[in-house]
Amino acid sequence: MLRITVTEVDERSKQIKLEGRIMDVSVQELERLYSGLREQTHGQDLILDLAGVSFVDDAGITLLRRLRLQRVMLQHCSPFVVELLKEAPQC
C-alpha cells in the first residue's frame with residue numbers, strides 16, 4: 001500500500017510525499033496523479049519525497065527514472081532506492 005500526500009511548498013513548487021511500497025497498482029495511481037499535477041501546476045517544480053518508501057518494484061523504479069527525466073526532483077531516497085536507481089547524486 002502507498003500513501004500519497006501532496007502539499008504546496010511555495011508558489012513555485014509542490015511536494016509529493018510517498019509512504020509505503022511503490023508497486024503494482026500504486027505505480028498506476030502515481031502516474032495518474034503526476035499527469036494531473038503537471039496539467040495543474042503550470043511550470044511549478046515537483047518534488048518527490050521518498051523518505052517513507054520501504055520497497056520499490058521494477059515498475060516503480062522505471063517510473064521513478066522516468067519522472068526524474070521529466071525534471072521531478074527526488075528527495076530523501078533510502079540507500080535501497082539509491083542502489084536501485086544506480087545514480088546516487090540525484091537523491
Side-chain angles (χ1 to χ4, degrees):
M1 184 169 160
L2 183 66
R3 180 181 202 183
I4 302 171
T5 308
V6 179
T7 57
E8 190 155 339
V9 177
D10 55 37
E11 298 174 352
R12 296 182 9 204
S13 59
K14 287 190 186 229
Q15 181 183 59
I16 305 166
K17 183 176 181 179
L18 303 179
E19 299 172 273
R21 303 165 65 94
I22 304 174
M23 53 188 276
D24 302 326
V25 176
S26 63
V27 170
Q28 296 169 7
E29 182 181 347
L30 190 54
E31 286 178 319
R32 282 192 300 273
L33 174 72
Y34 171 74
S35 294
L37 284 174
R38 261 302 159 214
E39 290 176 12
Q40 297 171 8
T41 58
H42 303 294
Q44 279 184 315
D45 295 329
L46 291 177
I47 302 164
L48 199 59
D49 183 345
L50 302 171
V53 172
S54 59
F55 179 80
V56 184
D57 71 1
D58 289 338
I61 288 298
T62 299
L63 174 63
L64 292 177
R65 287 178 179 155
R66 189 170 61 241
L67 291 177
R68 192 170 58 192
L69 288 173
Q70 294 175 7
R71 306 187 82 169
V72 173
M73 182 190 302
L74 305 182
Q75 274 188 341
H76 306 125
C77 298
S78 69
F80 169 74
V81 173
V82 169
E83 183 62 30
L84 290 174
L85 291 171
K86 300 287 188 200
E87 292 184 37
Q90 301 231 343
C91 286

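- How far CD1 of Ile16 is from CG of Leu30: 6.5 Å, rounded to the nearest 0.5 Å.
- With Ser13 contributing its side chain and Val9 its backbone, the two residues share no donor-acceptor pair below 3.5 Å.
- In this structure, Leu84 and Val56 approach most closely via the heavy-atom pair CD1-O, 3.8 Å.
- In this structure, OG in Ser54 is found 11.0 Å from CG in Leu18, a value given to the nearest 0.5 Å.
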Does the side chain to side chain contact (heavy atoms under 4.5 Å, CB included) test come out yes or no for Leu50 and His76, once each step is laid out?
CA-CA 5 Å; Leu50 302 171; His76 306 125; 5.6 Å; no
Step by step, would you call Gln40 with Leu37 a side chain to side chain contact (heavy atoms under 4.5 Å, CB included)?
CA-CA 5 Å; Gln40 297 171 8; Leu37 284 174; 4.0 Å; yes
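- Note: Arg21 CZ to Asp57 CG = 8.5 Å, rounded to the nearest 0.5 Å.
- Judged by distance alone, with hydrogens and angles left aside, the side-chain atoms of Gln44 form a donor-acceptor pair with the main-chain N or O of Glu11 at under 3.5 Å.
- For Arg3, the CZ atom sits in a loose shell: 12 or fewer heavy atoms of surrounding residues, nucleotides or ligands are nearer than 6.0 Å.
- A pairwise comparison of heavy atoms in Phe55 and Phe80 identifies CA-CE2, 3.8 Å as the closest pair.
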Would Leu64 and Leu48 satisfy side chain to side chain contact (heavy atoms under 4.5 Å, CB included), going step by step from the backbone distance to the final call?
CA-CA 9 Å; Leu64 292 177; Leu48 199 59; 3.5 Å; yes
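- Within a 6.0 Å radius of CG in Asp10, more than 12 heavy atoms belonging to other residues, nucleotides or ligands are found.
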Apply side chain to side chain contact (heavy atoms under 4.5 Å, CB included) to Leu74 and Leu85, showing your working.
CA-CA 11 Å; Leu74 305 182; Leu85 291 171; 3.8 Å; yes
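- With rounding to the nearest 0.5 Å, the separation of NZ in Lys14 from CD1 in Ile47 is 12.0 Å.
- The CD atom of Glu19 sits 8.5 Å away from the CG atom of Asp49 when rounded to the nearest 0.5 Å.
- Across all non-hydrogen atoms, the minimal contact from Gly60 to Ile22 is CA-CG2, 3.8 Å.
- Taking CG from Leu63 and CD from Gln70, the interatomic distance works out to 8.5 Å, rounded to the nearest 0.5 Å.
- Closest non-hydrogen pair, Arg38 versus Arg71, comes out as NH2-O, 4.4 Å.
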